[in-house]
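So the structure is just underneath, and the comments pick up after that.
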Amino acid sequence: MPLMHRALLAGALDIDELVLQDTDPDRLTVLANVLRGEGLTVRTTTSLEDAVDGADLVFAALRIGGVDGRVTDERDALDLGLIGQETVGAGGLAAALRAVPVADRIARVVAQHAPEAWVVSMTNPAGIVTETMAAVLGRRVVGVCDSPVALIRRACAALDVDPGPSLATVTGRVDVDYLGLNHLGWLRALRLDGADQLPSLVGDPQRLTRLEEGRLFGAELIQALGTLPNEYLYWYYEREQAFRSLIAAGRSRGEHVRDRQRDFYAAATDDPSHASELWQATNDERNRSYFAELRDGERDEADIAIGGYETVAVALAEALCGGAPTRLVLNVPNGDTVAALPADAVIETVCVAERTGAAPVPVAAPSPHELGLMATIKDCEQSIIRAGLTGSRQAALRAFALHPLVASGALAAQLVAKAEARGIFVPAG
């Protein structure tokens with residue numbers, strides 16, 4: 001929220017009122033102290049209906065079950081010998097079971113109390129949550145993630161192309177072909193003055209070492225793919241090594257975040273006058289340690305300095321509220337972009353955002369590999385949405401069993417049983 005607050009202050013939106021809503025009044029108090037004196041007056045409330053009533057814009061960034069829920073989801077997977085990650089594989093599907101019914105309720109409250117509002121969703125797993133809300137709100141909800149545009153920005157820098165001052169500007173400076181699902185996508189072309197520069201980057205091992213994905217995946221794999229994969233594809237392409245790295249880290253990412261959050265909230269509660277500085281220090285550490293379990297050395301300072309999803313979210317909001325149209329990589333319904341997927345399936349691709357909404361621009365058809373992985377994961381996503389909305393144990397089992405990072409009916413049954421035992425979802429009947 002502090003990042004969003006700062007991005008709104010720096011942006012062009014004319015804001016009459018900013019309302020911060022949370023189910024936890026103590027957390028609201030701490031965050032209000034962090035924002036105090038920064039510019040915009042913030043009203044707080046624990047009522048969702050009060051918060052969205054008459055709103056023009058709703059920014060939704062939630063973690064259902066809190067960070068403790070994330071830790072549980074990651075640990076359940078790791079204990080079964082599976083990758084434990086908050087948005088991918090078993091952990092991501094478990095998180096979706098928590099998020100789907102809540103996202104559906106929020107969408108229905110928005111539809112009733114602010115039917116003309118644009119909803120910018122930043123809740124993980126972003127594609128699943130956006131698709132859930134879009135079933136209620138249609139085109140008035142758009143999902144945002146900073147991972148694709150960060151990849152594009154790093155590719156530009158490796159090619160000595162100026163990517164602009166923020167993540168929100170890079171896709172306006174170069175013409176790109178990016179396609180996939182959230183946390184499962186590929187940069188397939190990067191055109192400057194009509195000429196595709198990506199082959200020269202993919203074919204140059206030295207240049208590839210200049211970007212994080214090049215170091216993460218290695219030149220040989222990237223050259224075999226002929227594309228630049230989103231960093232989250234590491235969980236798929238290097239599953240065994242990724243799992244070993246998680247175990248070697250000694251604790252999950254969720255456990256790391258939980259400990260830092262607890263320290264921050266305790267310190268900010270004890271010393272409200274320094275809440276802003278305490279938050280900044282905590283956020284700086286979180287940025288530096290992002291993907292640390294898979295990365296050698298510190299994160300590139302340039303990636304930290306230019307901001308994240310908040311710059312993309314505010315740029316999207318400005319376009320939706322009547323500003324100049326802009327190109328961004330967003331999570332939106334497929335339409336006819338990928339012929340083999342349902343029209344209402346949410347994909348992640350380059351879009352033009354404007355007053356009437358966000359719509360995909362034409363891109364090349366996916367390769368057989370890209371389509372195969374997208375179709376399999378989309379089936380899992382839609383099955384977990386069905387499980388979250390209806391309580392179908394069969395749908396939940398299908399989602400876990402068919403996911404490439406589980407790929408086991410027996411393990412899927414154990415994951416579903418864990419979710420049932422914790423009350424994450426209630427089986428139908």
Side-chain angles (χ1 to χ4, degrees), residues 1-66 98-124 126 128-144 309-323 330-333 346 353-358 385 388-389:
M1 181 57 209
L3 294 172
M4 286 297 303
H5 188 250
R6 293 174 185 178
L8 288 168
L9 278 172
L13 288 169
D14 183 14
I15 300 171
D16 297 318
E17 182 183 43
L18 186 64
V19 183
L20 181 60
Q21 186 267 338
D22 199 320
T23 57
D24 184 335
D26 293 333
R27 201 161 50 203
L28 271 176
T29 298
V30 169
L31 266 294
N33 287 332
V34 172
L35 302 183
R36 184 171 290 118
E38 289 205 5
L40 293 172
T41 300
V42 178
R43 179 169 70 83
T44 63
T45 180
T46 57
S47 167
L48 178 64
E49 290 78 4
D50 174 36
V52 304
D53 189 44
D56 297 302
L57 274 170
V58 177
F59 295 100
L62 318 166
R63 187 180 293 283
I64 310 307
R98 300 174 187 275
V100 162
V102 178
D104 177 68
R105 175 182 171 263
I106 291 171
R108 294 181 186 282
V109 170
V110 173
Q112 179 181 357
H113 291 268
E116 299 302 313
W118 291 106
V119 177
V120 179
S121 176
M122 297 165 282
T123 300
N124 280 324
I128 295 173
V129 169
T130 303
E131 190 163 327
T132 299
M133 299 184 80
V136 178
L137 298 171
R139 63 184 179 83
R140 300 204 75 83
V141 59
V142 183
V144 167
Y309 65 86
E310 73 280 2
T311 63
V312 182
V314 172
L316 168 63
E318 289 175 355
L320 294 173
C321 291
L330 301 167
N331 287 265
V332 296
V346 166
E354 54 190 344
R355 184 189 294 270
T356 56
I385 290 172
L389 292 178

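Across all non-hydrogen atoms, the minimal contact from Leu28 to Leu20 is CD2-O, 3.5 Å. The two residues Ala99 and Ile64 make their nearest non-hydrogen contact at CA-CG1, 3.7 Å. Between Gly54 and Ala114, the closest heavy-atom pair is N-CB, 4.2 Å. The shortest non-hydrogen separation linking Arg27 to Thr23 is NH2-OG1, 4.0 Å. Ala313 and Met122 get closest at one heavy-atom pair: CB-SD, 3.8 Å. Between Ser47 and Thr45, the closest heavy-atom pair is N-OG1, 3.0 Å.
Taking 4.5 Å as the limit, some side-chain heavy atom of Val142 sits within range of a side-chain heavy atom of Leu316. Val19 places none of its side-chain heavy atoms less than 4.5 Å from the side chain of Thr44. Side-chain contact check for Thr46 versus Asp22: every heavy-atom pair is 4.5 Å or farther apart. Two residues are said to be in side-chain contact when any heavy atoms from C-beta on lie closer than 4.5 Å; Leu62 and Ile106 meet this criterion. Residues Val144 and Asn331 form no side-chain contact, since every pair of their non-hydrogen atoms from C-beta on lies 4.5 Å or further apart.
To the nearest 0.5 angstrom, Asp26 atom CG is 11.5 Å from Leu31 atom CG. Note that the OG atom of Ser121 and the CD atom of Glu131 stand 12.0 Å from one another [nearest 0.5 Å]. Note that CG of Leu13 is 5.5 Å distant from SG of Cys321, once rounded to the nearest 0.5 Å. Atom CD of Glu310 and atom CG of Leu3 lie 4.5 Å apart (nearest 0.5 Å). With rounding to the nearest 0.5 angstrom, the CE atom of Met133 is 14.0 Å from the CD1 atom of Ile128. Put simply, CZ on Phe59 and CE on Met4 are 4.0 Å apart, with the number rounded to the nearest 0.5 Å.
No donor-acceptor pair closer than 3.5 Å links the side chain of Gln21 to the backbone N or O of Ala51. In this structure, Arg140 contributes its side chain and Ala117 its backbone to a donor-acceptor pair below 3.5 Å. Looking only at distances, a side-chain donor or acceptor of Thr123 sits under 3.5 Å from a matching main-chain atom of Ala60.
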**Asked** Can Met1 and Leu18 be said to form a side-chain contact (heavy atoms from CB on, under 4.5 Å), step by step?
**Response** CA-CA 11 Å; Met1 181 57 209; Leu18 186 64; 4.0 Å; yes
**Request:** Could you go through the side-chain contact (heavy atoms from CB on, under 4.5 Å) check for Leu320 and Arg355 one step at a time?
**Result:** CA-CA 4 Å; Leu320 294 173; Arg355 184 189 294 270; over 6 Å; no
**Asked** Stepwise, does the side-chain contact (heavy atoms from CB on, under 4.5 Å) test hold for Arg36 with Val42?
**Response** CA-CA 8 Å; Arg36 184 171 290 118; Val42 178; over 6 Å; no
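With respect to Asp104, the side-chain contact (heavy atoms from CB on, under 4.5 Å) criterion is satisfied by exactly one of Val109, Val136, Val129: Val136. If you run salt bridge (Lys or Arg N to Asp or Glu O under 4.0 Å) between Arg43 and each of Asp53, Asp16, Asp50, only Asp50 comes through.
Using a cutoff of 4.0 Å between basic side-chain nitrogens and carboxylate oxygens, Arg108 and Glu49 are not scored as salt-bridged.
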